[in-house]
Amino acid sequence: MKIAFIIEGFGIGGTELNATRTLEALTRRGIRVNVIHLHRDGELYDRVAATGHQMWHVPIVPLRSPKIAISVATMASTLRSIRASVVHTQDVYTNILGIAAGRMLLRRPVLTSRRWKDEVPRKELTPLNAWAHRRSTLVLPNSGALTTTLVAEGVRKDRIVVHENFLDDHALTLFSPSRVAEWRAELGIPVEALVIGCVARLSKVKRHDVLLDAFARIRSSVPSAHLVLIGDGDERRALVERARVLGVESAVTFTGTLPNTPLSQQLFDVAALMSENEGFPNSLIEAAACGVPLVATPVGGVPDVLVEGVTGLSVAVGDVHATERALTTLLHDTKMRLAMGAAGRSSSVERFSEESAMQRLLGCYARASGHH
């Protein structure tokens, strides 16, 4: 079975990180993949190239361009040349192009991915993705919550297989408390701080504004609280200014993007994610794996990892007061923090292991190839 992986690019995002981890996990199992990519740029390119999988660059033009037919034909030609028996697309653009090239032109089995609910670069891509999913051999959403969305788009339930994100086995090895303290010091985080942290790109949909507003209120009752925002994006300048206006800039650390290994969530006492919508957030799985309790909005696949009152506390989207109360509760109650963190760690190790994810994925490939 010759597998073709198609991904748009190599920036640091949930989709790209999950694809990279999958490719690394397949390498560890001696399975070689042909990786077709639309863009060469991105921080993860070298990491993917180091897996030893064959890399193929297929330049892409905008979907509205008359030349898109040439790009699709080029992709089909590449798939033919590598004799792909199963095609696995990873994101918005490659779902559409992969179906057009692999399914429509070559009649190869194609597995498409769904890691988002509504958030796409342009709204006109939503019906195109629905079209691609309906023509897929299998659709792999990363959360059970997305199954309803896919069925509403016309996808047959028997063609939907939930394939959750997973943790690298080595990600479960954490630093000692003294090394975590050193790491905090390197980032300028006070030694005595109780750290609220968020790992997410700095975009409007992640609602860092709610987190900042809640944090400003928390500081009055928990003066040792410190907020660490890991990630970068278009909203950084506005968020830095918001922290200044709120008078908490000295207690907020913007780290920018950090390497995914070691897991930066081990810097936190509480992990927060205030998103308006999500697919299945890697950052919360990673925080739970670090033994850190969660405060997050129950959107998309978040309830799959945040079990209310067990591994964390849920708050409504946009609710500053509820966010303040939940975070303050956990900062004040050390026993609760530790218990929720331990429950999250145990659940993550059991549910999101690399081995179980790879067995599930290879089973999907075998099933799809049987539909050829």
Side-chain angles (χ1 to χ4, degrees), residues 8-17 39 41-45 91-92 115-123 125 183-190 193-220 222-223 225-260 263-265 267-279 281-284 286-287 295-297 299-300 315-324 327:
E8 183 183 353
F10 302 97
I12 292 186
T15 293
E16 294 84 359
L17 281 168
H39 302 286
D41 57 315
E43 299 92 330
L44 294 172
Y45 180 87
D91 42 51
V92 176
R115 298 189 176 96
W116 68 94
K117 181 170 173 55
D118 303 310
E119 186 189 1
V120 291
R122 297 194 311 275
K123 288 301 181 185
L125 296 176
W183 194 5
R184 284 186 173 189
E186 291 166 7
L187 293 171
I189 302 169
L194 284 170
V195 177
I196 301 165
C198 177
V199 179
R201 71 183 183 280
L202 304 184
S203 64
K204 289 184 179 180
V205 72
K206 301 297 184 180
R207 296 306 303 270
H208 292 86
D209 59 321
V210 172
L211 184 54
L212 276 170
D213 289 354
F215 178 71
R217 298 168 67 93
I218 289 166
R219 284 277 291 175
S220 61
V222 190
H226 194 94
L227 180 61
V228 177
L229 301 180
I230 298 175
D232 219 332
D234 297 340
E235 289 294 296
R236 178 164 183 160
R237 182 176 296 180
L239 293 169
V240 170
E241 176 61 15
R242 194 181 195 96
R244 187 192 67 77
V245 171
L246 290 168
V248 294
E249 58 184 329
S250 64
V252 180
T253 299
F254 290 84
T255 69
T257 301
L258 296 181
N260 192 246
L263 293 179
S264 53
Q265 287 89 342
L267 292 164
F268 306 160
D269 292 293
V270 182
L273 190 66
M274 303 293 103
S275 301
E276 288 182 349
N277 65 63
E278 283 286 347
N282 283 325
S283 65
L284 292 187
E286 292 166 353
V295 172
T297 49
V299 296
V315 296
V317 173
D319 193 331
V320 173
H321 298 291
T323 302
E324 175 199 358
L327 290 169

Heavy-atom closest pair, residues [X] and [Y]:
X: F10; Y: H39; value: CE1-O, 3.3 Å
X: G9; Y: E16; value: O-CG, 3.5 Å
X: P281; Y: L273; value: CB-CD2, 3.8 Å
X: L44; Y: G11; value: CD1-O, 3.5 Å
X: L258; Y: S264; value: CD1-CB, 4.1 Å
X: A225; Y: I218; value: CB-CG2, 4.1 Å

Q: Not counting sequence neighbours, which residues clear side-chain hydrogen bond (donor to acceptor under 3.5 Å, both in side chains) with Q265? List them please.
A: E286
Hey, can you pull the donor-acceptor pairs under 3.5 Å for the side chains in residues 247-257, sequence neighbours left out?
from: T253; atom 1: OG1; to: H226; atom 2: NE2; distance (Å): 2.7

Q: Apply salt bridge (Lys or Arg N to Asp or Glu O under 4.0 Å) to E241 and list each qualifying residue two or more places apart in sequence or on a separate chain.
A: R244
Q) Of all residues at least two apart in sequence or in a different chain, which pass the salt bridge (Lys or Arg N to Asp or Glu O under 4.0 Å) check with D319? A) none
Q | Side-chain donor/acceptor of R184 to backbone N/O of L267, under 3.5 Å | A |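 At least one qualifying donor-acceptor pair exists.
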Q. Under 3.5 Å, is there a donor-acceptor pair between the side chain of T297 and the main chain of S275?
A. yes
(Q) Testing D213, I196, V317, V315 one by one against T323 for a side-chain contact (heavy atoms from CB on, under 4.5 Å), which residue passes? (A)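 Checked D213, I196, V317, V315 against T323; only one passes side-chain contact (heavy atoms from CB on, under 4.5 Å): V315.
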Q: List in chain and number order the residues that pass side chain to side chain contact (heavy atoms under 4.5 Å, CB included) with R207, two or more places apart in sequence or in another chain; answer none if no residue qualifies.
A: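 D209, V210, M274, E276.
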Between [X] and [Y], is any pair of side-chain heavy atoms under 4.5 Å apart?
X: R242; Y: H208; result: no
X: V228; Y: C198; result: no
X: D234; Y: S203; result: no
X: V270; Y: V195; result: no

Q | Straight-line distance of L227 CG to L327 CG, nearest 0.5 Å | A | 9.0 Å
Q.
Using 0.5 Å steps for rounding, measure from the CG atom of N282 to the CZ atom of R115.
A.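 Here the interatomic distance stands at 8.5 Å.
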Q.
Restricting to ring pair (Phe, Tyr, Trp, His ring centres under 6.0 Å), what partner residues turn up for F268, sequence neighbours left out?
A. none
Q) Any salt bridge between R237 and D232, counting N to O under 4.0 Å? A) no
Q: Apply salt bridge (charged side-chain N to carboxylate O under 4.0 Å, His left out) to the pair E324 and R219, showing each step before the final yes or no.
A: CA-CA 10 Å; E324 175 199 358; R219 284 277 291 175; over 6 Å; no
